[in-house]
Amino acid sequence: MSTLVTGIAELVTNDPDRGAGPLRTIADAALVVDDGVVAWTGSRGAAPDADARIDVGGRAVVPGFVDSHAHLVFAGDRAAEFEARMTGAAYDGGGIAATVAATRAASDEQLRAALAALVAEMRAQGTTTVEVKSGYGLTVADEVRCLRLAGEVTPETTFLGAHVVPPGADRADYLALVTGPMLAACAPYARWIDVFCEPGSPHAFDGDEARAVLEAGRAAGLGLRVHANQLTAGPGVRLAVELGAASADHCTHLTGADVDALAGGSTVATLLPGVEFSTRSPYPDARRLLAAGVPVALATDCNPGSCFTSSMAFCVALAVREMHMTPAEAVEAATAGGAAALRRTDVGHLRPGARADLAVIDAPSYRHLAYRPGVPLVRTLDLDPVVISKRN
Ligand code: NIG
Ligand code: FE
């Protein structure tokens, strides 16, 4: 069945063959969806007919957000840790152990319900693709369980057994487990492998350990992602580029050599400004990355410790206000950038042939995502043929 969507004040296509400006926008636009796929975009006057119609009442439509970094399978919360940080405590990943204990103690049903609630929260705010990591189980059985649950809500599942060395475990033994039996058990449930590379941290992994994890994951057929340079300018970013990882995430502390490596490689720099907001840390230098031609993505990093937001719109607003990205750069990073970080060509844009993942903004332009911070303007467009009321 085909559906004609009209009343689009501004359509962000990210389609080099259509529209104008950095996001290839079309004013007073229409779009046809056929069997869940974008079939046509253009100006309203030229729209073809379709089986059903939806009028979005003068609102902007953007590609659904692609949130390429999230930790959604966990139990418990760490509000007290957040509160302590706001009065001066530093974030060092030590709190992850508390979430690991709560997650291990939770039933499948409890984890499934909490995960579904977060995915629904994201979807209600315009996110249509989300990556979900394990990393709060840290035993073979618990990591498999977390990935199985993640696979129920997304194909973008990431094995993060190398999140931290679990309390009480021997570092070398745990690394052997993660790169051996745990990887073998988890690989069938994962598309990606990730590692928290932070040499200064007693909890996370140094460059050599991270390399061992990533090489083992690659040999098991997984794509690579890295938690890199979050707390210090360590080797994570350069390692990610050297090994051809799809994404180096955080990039909070970058040297010139890191930026040069990213500019010369194929790895996306995924920025997570909600983390800097929620840990009271300096923001990554997005302008430096953009000036060097590095592909940039924005993601929430939704997790109970360093950043418990599910809102891509909030991250767009932070990127504009705190990282000096233009609204267009931020929206591109939250859509096409996220898709590139997941090596997906079917999402993040609205070219004919794309998945019909549409987010509608209760405003005439995508700029309002940053201009009206904290206002719940954006939601995923349900393609049931109903008429949405006009904007006032
Ligand atoms: O991306 N840095 C490591 N992992 C997460 C935080 C996990 C947690 O604190 O629970 C992050 O910030
Ligand atoms: Fe993370």
Side-chain angles (χ1 to χ4, degrees), residues 67-85 89-104 106 114 118 130-138 142-143 146 150 156-167 178 192-206 209-210 213 224-232 234 236-237 240 245-253 268-284 297-310 315 318 338 341-342:
D67 189 347
S68 59
H69 184 140
H71 309 243
L72 304 185
V73 191
F74 64 87
D77 77 51
R78 282 151 54 201
E81 180 189 317
F82 170 78
E83 186 175 48
R85 272 204 307 276
Y91 177 84
D92 71 351
I96 293 170
T99 302
V100 170
T103 302
R104 287 177 182 171
L118 284 172
V130 62
E131 180 257 20
V132 177
K133 301 175 195 296
S134 66
Y136 293 119
L138 310 188
D142 283 303
E143 284 296 297
C146 291
E156 302 300 340
T157 53
T158 300
F159 170 49
L160 182 58
H163 199 181
V164 290
V165 178
V178 168
W192 304 97
I193 188 167
D194 193 347
V195 54
F196 183 11
C197 180
E198 194 62 58
S201 159
H203 313 290
F205 298 87
D206 68 20
E209 292 165 337
V213 169
L224 312 184
R225 333 185 59 75
V226 185
H227 278 72
N229 300 43
Q230 175 181 4
L231 306 176
T232 54
V237 164
S247 182
D249 298 50
H250 287 283
C251 297
T252 308
H253 299 274
V268 173
T270 298
L271 309 183
L272 311 165
V275 174
E276 281 72 41
F277 179 88
S278 301
T279 58
R280 225 194 262 297
S281 304
Y283 288 85
L298 280 174
T300 61
D301 197 7
C302 184
N303 75 78
S306 66
C307 178
F308 198 7
T309 186
S310 53
C315 295
L318 286 180
L342 292 172

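Both counts, for ligands and for their atoms, begin at 1 and track the order of listing.
- Close approach to H69 involves these atoms of ligand 1, each under 4.0 Å from a residue heavy atom: 1 (O).
- Protein heavy atom closest to atom 2 (N) of ligand 1, with residue, atom name and distance, is Q230 OE1, 2.6 Å.
- The only member of V178, V213, L224 that meets side-chain contact (heavy atoms from CB on, under 4.5 Å) when paired with V195 is V213.
- For ligand 1, the atoms lying closer than 4.0 Å to a non-hydrogen atom of Y136 are 7 (C), 8 (C), 10 (O).
- D301 places no side-chain N or O within donor-acceptor distance of the main-chain N or O of V275, the cut-off being under 3.5 Å.
- Looking from atom 12 (O) of ligand 1 to the surrounding protein, the closest heavy atom is S306 OG, 2.5 Å.
- Counting only protein N, O or S atoms, 4 lie closer than 2.8 Å to the Fe ion (ligand 2).
- No more than 12 heavy atoms of other residues, nucleotides or ligands shown are found within 6.0 angstrom of CZ on F277.
- Interface of H250 with ligand 1, defined as ligand atoms under 4.0 Å from a residue heavy atom, comprises 1 (O), 11 (C), 12 (O).
- Put simply, the side chain of T270 never gets that close to the backbone of L298: no donor and acceptor are under 3.5 Å apart.
- Put simply, part of I96 is less than 4.0 Å from ligand 1, judged by heavy atoms.
- Counting only distance, with no hydrogens or angles, the side chain of S134 and the backbone of L160 share a donor-acceptor pair below 3.5 Å.
- Heavy-atom contacts of G305 reach the following atoms of ligand 1: 8 (C), 9 (O), 10 (O) (cutoff under 4.0 Å).
- In this pair, Y136 and F74 present their aromatic rings perpendicular. The plane angle is above 60°, beyond the 30 to 60° band.
- Considering only non-hydrogen protein atoms, atom 1 (O) of ligand 1 sits nearest to D301 OD2, 2.6 Å.
- For the pair E276 (side chain) and S281 (backbone), a donor-acceptor distance under 3.5 Å is absent.
- Residue contacts with ligand 1 leave out E198, since none of its heavy atoms falls under 4.0 Å from the ligand.
- Of all protein heavy atoms, the one closest to atom 4 (N) of ligand 1 is H163 NE2, 2.8 Å.
- Residue H227 approaches ligand 1 through these ligand atoms, each under 4.0 Å from one of its heavy atoms: 1 (O), 2 (N), 3 (C), 4 (N), 11 (C).
- H69 and H227 have perpendicular rings, their planes meeting at more than 60° on a 0 to 90° scale where under 30° would count as parallel.
- Test R225, K133, H71 against D194 for side chain to side chain donor-acceptor pair (under 3.5 Å) and you get one pass: K133.
- For atom 6 (C) of ligand 1, the nearest non-hydrogen atom from the set F196, Y91, F74 belongs to Y91.
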Carefully, step by step, assess L138 and E143 under the rule side-chain contact (heavy atoms from CB on, under 4.5 Å).
-> CA-CA 6 Å; L138 310 188; E143 284 296 297; 3.8 Å; yes
May I have the step-by-step check of side-chain contact (heavy atoms from CB on, under 4.5 Å) for S278 and F308, ending in yes or no?
-> CA-CA 8 Å; S278 301; F308 198 7; over 6 Å; no
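- Listed by chain and residue number, nothing satisfies the salt bridge (charged side-chain N to carboxylate O under 4.0 Å, His left out) test with E198 (two or more places apart in sequence, or in another chain).
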